[in-house]
Amino acid sequence: MESDSFLVDSKIGYSNVGEQSGDQSTALSNTELVRIRRKRTEKLRRIAEGLIEAASANTIFSHFEYCELHREVDHNDEVKHDDEVEAGIATALSATLEVLLRMSKTDVKIRKASIDLELVYRCSDECRADSFETIGHKLVPLLLKITKHCANGAIKHSPEMIIKRTVKILGYFALLENARASLVQHPGLLDTLIKVINSDVSMTSRIDSIWMIANLAFTDSLRGEIAQHPCLISTLMCASYEKNKEISSETAAAFMNLSAATENRTLMANNSELVRILCFLVTEGGDARSRATGTLKNLASAPENRERLLSYDNAIILDALAHTAVDTMDDKAAFRASGALKNFVCSETAPFLCQHRVFFSTIEKIISEEVKVKPKVVADACLMLKGVSEGVNVRNIPLSSFNKVATLLVNLNRQIPAYSLLVAEALANLAKEECNILPLVDIPDLIGTVANLMSSKDNKIRAMSIEMLTALSLPPACKEKIGSNIKILHALHVMLDTRGRQNSNSDFSKRALNIVNCLATEKKNLVEMGNLTGFLEGLIGYARNMNIEYRSEVLDLSSAIISTMKPPPELSRNRNSFDSNTESLDETHLVMPDIDIMSKPAASVIPRRENKDETKPAAMKPKIATPVSKLGAALKENEELADRNDKEMQHLEQGRHSWEDQESEIPVE
């Protein structure tokens, strides 16, 4: 078996002529380089013409001619190889191979011609493409024929050396985008490559053949045709079993490129043996791991494949991908693994995924920052969690699993605030199912999370959080839990007060008022609202900016809150004194004045007694304390007069008074 030692890269190029054999002379001038290049080109043309003349006469070149040619092409200077192709060396060698195949006992000559042709095609892609356009239709069949002879033993002398060169040349052409379709359409090309892969002539040629298939499959229009070959995928699968990292890497690349075509995904996913091999390759190191992971990502992107892949061998795919996703040493594999897991998530697979221990624990580790991964992996994990939330409820998964999903959303909002919109969308999805409401309200700090979302500056987040809170507030069993949450009341207060003053008729404020009314049906919630500093003031402030026809709703709510408020002990004693001293008074002497309740806070309303002397200054009129128990009825009575007396009573608006300011004396008759 011949050695490749003579193919060691040469560093001799046009730019360093004169630096050979230890001669460290200075670089030649441009004029001298041009002269040397022209002289070499003329020599190459003479050699090419000689080879073509010999081929035309059905003869072969001499050993001397071969040695002269080999000395000219044995280097790694791309520019010089371009000159060789342009001088016609590739065309001449192609004609020589055609003659040699018609002759007997030419194995050695075929080897020499193949070696030199492979060296020449180390030229630039542009030059190689031009050559393929010119002689590719003749050269490719010749290379395939020589390759077959080497694989089946027809060529006895140095078959390994020859097959290495022919496969490399074909591989060079496979790198050309415009040449791939022509190559695949050549009869027998895929058959020849499969034959090489299954042979034991040359390990290098086997690897190069798989590499060439992967390159051909890089063109989308060819993937279906390649995958439909009856023996190709099975051949690649058999090669994958070999414990050779290069073969594993190239087969994984071929699988990934083939799976990029939509029409191939179902075909490949239905092959359980292929799925098993891909799971095995995911556990391997190097490029094979990331490429196999990319294949699974492509297969999982087809909805019809998801359940089938997850059902394989107790969802071993999830185990392999989950471990790869948190691998901080291989970013490319981690990105593809998280993308594959994300592709598996849909409403149909969500119940299964959220109960899969490894899958869900991986999301928890990423979101809780237990493992430090790249932001892309974090984003994929968050999208997985949101996707799961769209397909689960307490009817299709155990309550414990449901609680894990909701709790993780709460933790995500706390850990990574940048994903607040995603959290709002996910929680809103869960709250749409009526059966989920009670379990959601019982999740620790979930109500507080909703309150935080309501305070967001993002209108979309605020809208979803209000919609969610509306759903959570409907069941009677939830009202007390929500209404007693200070964060929720504060968030509602902000919407009614701060934002209400700016736009009291905005959709946000109206929906917030609806929630308050819903919560107010529980008496304990009214007490909490009254105890929250500023809540009542905000409610009244909101009503002041409303249209008059909508005020009654706010007035009723304010009255209900006030009715639960307890005055200080001093006022209670004074009220008792008032009740005992006014038992003999005729109720007809007490008339409620025409006071605009919206111009002055309800807690500081001052009733007056009817008096014939209407010209008497208001400051001199006697004051009568009205019991708080009658305030609700008074508010309703005054509602009808509020609009008529707005202008007249503007001077009564003095701000909010404390309970002590309401203490009054019994007037003297």
Side-chain angles (χ1 to χ4, degrees), residues 214 217 220 223-224 227 233 236-237 240 251-284 287-327 330-363 366 373-374 376-392 405:
D220 186 64
R223 290 167 180 156
I233 290 181
L236 294 176
M237 288 166 53
S240 300
T251 53
F255 289 140
M256 182 174 69
N257 287 350
L258 290 172
S259 67
T262 305
E263 63 267 29
N264 292 342
R265 292 171 187 167
T266 301
L267 172 69
M268 298 175 72
N270 287 337
N271 192 328
S272 58
E273 186 65 17
L274 174 59
V275 175
R276 192 183 76 81
I277 290 173
L278 292 173
C279 291
F280 169 75
L281 292 176
V282 169
T283 63
E284 293 285 293
D287 291 335
R289 186 185 197 188
S290 63
R291 290 169 176 175
T293 304
T295 305
L296 292 174
K297 177 183 176 182
N298 290 338
L299 298 182
S301 65
E304 63 272 17
N305 293 340
R306 292 166 185 161
E307 293 187 12
R308 182 183 303 109
L309 292 172
L310 291 176
S311 64
Y312 177 77
D313 196 9
N314 295 321
I316 190 175
I317 290 178
L318 291 182
D319 295 335
L321 293 175
H323 285 101
T324 305
V326 294
D327 186 353
D330 189 347
D331 289 342
K332 183 184 292 186
F335 293 162
R336 288 174 175 170
S338 64
L341 291 172
K342 181 180 66 176
N343 284 347
F344 275 114
V345 178
C346 63
S347 57
E348 291 77 16
T349 61
F352 174 79
L353 291 175
C354 73
Q355 297 179 72
H356 191 276
R357 182 182 58 82
V358 176
F359 174 84
F360 205 78
S361 65
T362 299
I363 298 180
I366 295 173
V373 294
K374 297 293 184 180
K376 184 182 183 304
V377 179
V378 177
D380 285 342
C382 294
L383 290 173
M384 284 183 249
L385 182 59
K386 177 179 178 291
V388 167
S389 71
E390 295 175 352
V392 298
V405 174

For Ala325 against Leu341, the heavy-atom pair lying closest together | CB-CD1, 4.2 Å

Residue pair Ala252 / Thr295: nearest heavy atoms and the distance that separates them = O-OG1, 3.8 Å

Donor-acceptor contact present, side-chain Arg336 to main-chain Ser290, <3.5 Å | yes

Are any side-chain N or O atoms of Arg265 and backbone N or O atoms of Ser259, one a donor and one an acceptor, separated by less than 3.5 Å?
-> yes

Exercise: do Ser240 and Thr251 side chains pair donor with acceptor under 3.5 Å | yes

State whether the side chain of Asn343 and the backbone N or O of Ala300 hold a donor-acceptor pair below 3.5 Å, judged by distance alone.
-> no

Minimum heavy-atom distance between Ala337 and Leu321, given as atom pair plus value | CB-O, 3.5 Å

Can you check whether Met237 reaches Asn271 side chain to side chain, under 4.5 Å on heavy atoms?
-> yes

side-chain contact (heavy atoms from CB on, under 4.5 Å) between Phe360 and Val405, worked out = CA-CA 9 Å; Phe360 205 78; Val405 174; 3.9 Å; yes

Any chance you could measure Leu309, atom CG, to Ile316, atom CD1, to the nearest 0.5 Å?
-> 12.5 Å

Side-chain contact, heavy-atom cut-off 4.5 Å: Glu348 with Glu307?
-> yes

Spatial distance of atom CD1 (Ile366) from atom CE (Met384) [nearest 0.5 Å] = 5.5 Å

Side-chain (Ser347) to main-chain (Gly391) donor-acceptor, under 3.5 angstrom | no

Nearest heavy-atom neighbours spanning Val388 and Cys354 = CG1-CB, 3.7 Å

Atom CG in Asn298, atom CG in Leu278: separation rounded to 0.5 Å?
-> 10.5 Å

Quick one: CG on Leu385 to NZ on Lys342, what's the gap to the nearest 0.5 Å?
-> 14.0 Å

For Lys297 and Gly339, work out which heavy atoms get closest and say how close.
-> CG-C, 4.0 Å

Quick one: pull up CZ in Arg306 and OG in Ser301 and give me the separation to the nearest 0.5 Å.
-> 7.5 Å

Short question: side chain of Thr349, backbone of Phe344 - any donor-acceptor pair under 3.5 Å?
-> yes

Take Met268 and Leu299, measure what side-chain contact (heavy atoms from CB on, under 4.5 Å) needs, and give me the verdict at the end.
-> CA-CA 8 Å; Met268 298 175 72; Leu299 298 182; 3.9 Å; yes

Is Asn264 reaching over with its side chain to a backbone N or O of Leu258, donor-acceptor style, under 3.5 angstrom?
-> yes

For Val358 and Leu318, what are the C-alpha separation, side-chain angles and deciding distance, and is it a side-chain contact (heavy atoms from CB on, under 4.5 Å)?
-> CA-CA 7 Å; Val358 176; Leu318 291 182; over 6 Å; no

If you measure only the distance, is there a donor-acceptor pair under 3.5 Å linking the side chains of Arg223 and Asn257?
-> no

Is the NZ atom of Lys376 crowded by more than 12 outside heavy atoms at less than 6.0 Å?
-> yes

Passing candidate, side chain to side chain contact (heavy atoms under 4.5 Å, CB included) with His356, options Leu310, Asp319, Asn314 | Asp319

Which atom names give the shortest non-hydrogen contact between His323 and Arg289, and what distance separates them?
-> O-NH2, 4.3 Å

Nearest-0.5 Å distance, CG of residue Asp287 to CG of residue Asp330 = 8.5 Å

